[in-house]
Amino acid sequence: MVTVEPKFTLQVLWQSDEAIRVTPFKEGSVLESTVKTSRVCPFHSQLVAERSRHILSILARANAGVDGLLDELIAAGQAIYVDLLPAFLKDKLEDAQGHNLLLHLDRPLAGIPWELLHDGDEFLGRRFRIGRVVSVEGEQAVAMRRDMRPPLSLLVVADPRGNLPAALAEAEEVVQLMEGAEVVDKVTLLAGDVSIRHLRDALGEHDLFHYAGHAEMGSETQGLALSDGVFGAALLEQLAGRVDMPGLVFLNGCGSAHDTVRLSEGSAPFDVATGLASSLLMGGARHVVGSIWEVRDDVARQFATRFYGALTSGETVGTAMERGRASLMESHGEDRLFWAAHLLYGDPTWRLSPPPQDSTEDFTVLDGLEAKSQQDLASPDSTTRVMAVTMLLRLGDRSVLPALEKDLETLLGWFSPDASRQQQRMASHVLQALASAAGLQSTSAPDVLPDAETVRTLYQRLLAGDGLDGEG
């Protein structure tokens, strides 16, 4: 049985140019059972911006072939560690027992190179397997996500403009590796002359998405360079709720050296390279792997294959990132800094599950549950009927969906902010059943339940037989 790895969760919210609110959470929790140490702390935004630009400039020089920059990167990482983190948080991080760190960041803070903060002994991103979750003011994260149960399907898009033969070689290597993975049963490769429409239509049909090609990293045009334009954050936001995003997205995009230098010399590094990842997460992706500067072809290929090899072997996504970095350090040396390119958005403790084993099912128990739930459908109690529908949906019987119609208003009341804790828990169970019937998976924590209208829309689409597999 696979155990859940503990993680230290840290929320950092932007208050103003002079202040941030920092809240650590108990190891193992997500956003419940907070450690009561939430504090508003001084934030020297201009100084942190300068420190961030310095780190980006070091990475740009390393990417251009300059050696021997490790000591300078360590010094820069120590400087921003001192300027950014309050003393109480430094103590919390030093006392953390686990190896996983989940950062909940306001979007203006996501451009800070948190992984490269240095505590005097080690970089934060090498002491911890860091995953980022980016929040956007005025928007709510998607509560329903694709159910990532094997067997999975993989979409690989390579060299969409036909001018990166090395990207096609990377894609072919990824395809060969994943076609032999136990958890994957379908691999689709789109190479050369891939249009925006072509990618948009294919996204909703796959659980995993790997991109190898050029990436536009400008402040106004940020996205994947396709044959007829840029597939960026604005388009992803239009597709939210209409196309089921893959659960894991790996963007091995190459910008230009000019882009990297420009980013390192910009006036505000906050918000750099976060728009596309944020939009994917808001649209339903669980995890996004991306890079913060131009990645050399051989580095991109080596990191990707090591990452997928670890992930499909049962390692967590955070450990898979760790394996990729270690491989690059072994091949190119620590001083080259190639290991610092890739970032993870999403929970670092998540892992792919093995394919289900039929022999583990107790069909006698399941038959008993089904019989009892069928009887409960005739109960005079609305709550009992709703939970009976829920159980039958979880047992795979979608024919009971119409029975929920007469109790729909009761169910929607459980998604109200005024609902009791028990009603919220029941709402979470119903949401999981509805989402599973649609080929999605819902988050189960009551504090991230969607609003009633979202649930009504999901139910009506299921009732109409559309599901959520396409635009609908």
Hey, what do you get for [atom1] ([X]) to [atom2] ([Y]), rounding to the nearest 0.5 Å?
| X | Y | atom1 | atom2 | result |
| --- | --- | --- | --- | --- |
| Arg132 | His104 | CZ | NE2 | 13.0 Å |
| Asp335 | Leu73 | CG | CG | 10.5 Å |
| Ile130 | Phe8 | CD1 | CZ | 11.5 Å |
| Leu328 | Phe338 | CG | CZ | 8.5 Å |
| Met329 | Arg325 | CE | CZ | 8.5 Å |
| Leu93 | Leu117 | CG | CG | 9.5 Å |

Least distance between heavy atoms, [X] atom then [Y] atom:
| X | Y | answer |
| --- | --- | --- |
| Glu94 | Tyr81 | OE2-OH, 4.3 Å |
| Asp207 | Met148 | O-CE, 3.6 Å |
| Ala202 | Leu190 | CB-CD1, 4.3 Å |
| Val157 | Phe209 | CG2-CE1, 3.6 Å |
| Ser195 | Leu226 | O-CD1, 3.7 Å |
| Leu13 | Leu109 | C-CD1, 4.0 Å |

Would you say that [X] contacts [Y] through its side chain, given a criterion of any heavy-atom pair below 4.5 Å between the two side chains?
| X | Y | answer |
| --- | --- | --- |
| Leu116 | Leu59 | yes |
| Leu208 | Met178 | yes |
| His342 | Met321 | yes |

Applying ring-ring contact (aromatic ring centres under 6.0 Å, His included), can you list everything that pairs with [X], at least two apart in sequence or on another chain?
| X | value |
| --- | --- |
| Trp114 | none |
| Phe128 | none |
| His287 | Trp350 |
| Phe123 | His118, Trp339 |

Examine distances only and state if a side-chain atom of [X] and a backbone atom of [Y] form a donor-acceptor pair shorter than 3.5 Å.
| X | Y | answer |
| --- | --- | --- |
| Asp347 | Thr349 | yes |
| Asp297 | Ala166 | no |
| Lys90 | Leu85 | yes |
| Asn252 | Ala300 | yes |
| Ser52 | Val48 | yes |

Could you work out, with salt bridge (Lys or Arg N to Asp or Glu O under 4.0 Å) as the rule, every residue matching [X], not counting sequence neighbours?
| X | value |
| --- | --- |
| Asp201 | Arg197 |
| Glu334 | Arg126 |
| Glu172 | none |
| Arg323 | Glu315 |

TODO: Verify side chain to side chain contact (heavy atoms under 4.5 Å, CB included) between Asp298 and Arg301, making sure each step is shown before the conclusion.
DONE: CA-CA 5 Å; Asp298 58 329; Arg301 182 171 64 253; 4.1 Å; yes

- [ ] Give the C-alpha distance, both sets of side-chain angles, the deciding distance and a yes or no for side chain to side chain contact (heavy atoms under 4.5 Å, CB included) between Asp119 and Leu124.
- [x] CA-CA 7 Å; Asp119 63 7; Leu124 205 62; 5.6 Å; no

TODO: Mind checking side chain to side chain donor-acceptor pair (under 3.5 Å) for Asp67 and listing every partner two or more places apart, or none if nothing turns up?
DONE: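 Listed in chain order: Arg336.
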
- [ ] Using side chain to side chain donor-acceptor pair (under 3.5 Å) as the criterion, list what pairs up with Thr390, not counting sequence neighbours.
- [x]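 Listed in chain order: nothing, the list is empty.
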
- [ ] For Glu330, enumerate each residue passing the side chain to side chain contact (heavy atoms under 4.5 Å, CB included) test, keeping only those at least two apart in sequence or located in another chain.
- [x]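 Glu330: no side chain to side chain contact (heavy atoms under 4.5 Å, CB included) contacts found.
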
Task: Non-neighbouring partners of Asp83 that pass side chain to side chain contact (heavy atoms under 4.5 Å, CB included), sequence neighbours left out - done: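 Leu47, Arg51.
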
Open item on the list: Apply side chain to side chain contact (heavy atoms under 4.5 Å, CB included) to residues His99 and Glu322 and explain how you reach the verdict.
Closed with: CA-CA 11 Å; His99 298 288; Glu322 191 175 60; 6.0 Å; no

Open item on the list: I want to know whether Tyr308 and His210 have ring centres closer than 6.0 Å.
Closed with: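 Close enough - the centres of the two rings lie under 6.0 Å apart.
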
Task: Neighbour count >12 (heavy atoms, 6.0 Å) for atom CD, Gln176 - done: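 Result for CD/Gln176: open.
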
Open item on the list: For His198, is the NE2 atom crowded, meaning more than 12 foreign heavy atoms sit under 6.0 Å from it?
Closed with: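 Open.
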
- [ ] I would like to know whether Leu462 and Arg398 meet side chain to side chain contact (heavy atoms under 4.5 Å, CB included); could you show each step before the answer?
- [x] CA-CA 9 Å; Leu462 281 169; Arg398 288 183 50 158; 3.8 Å; yes

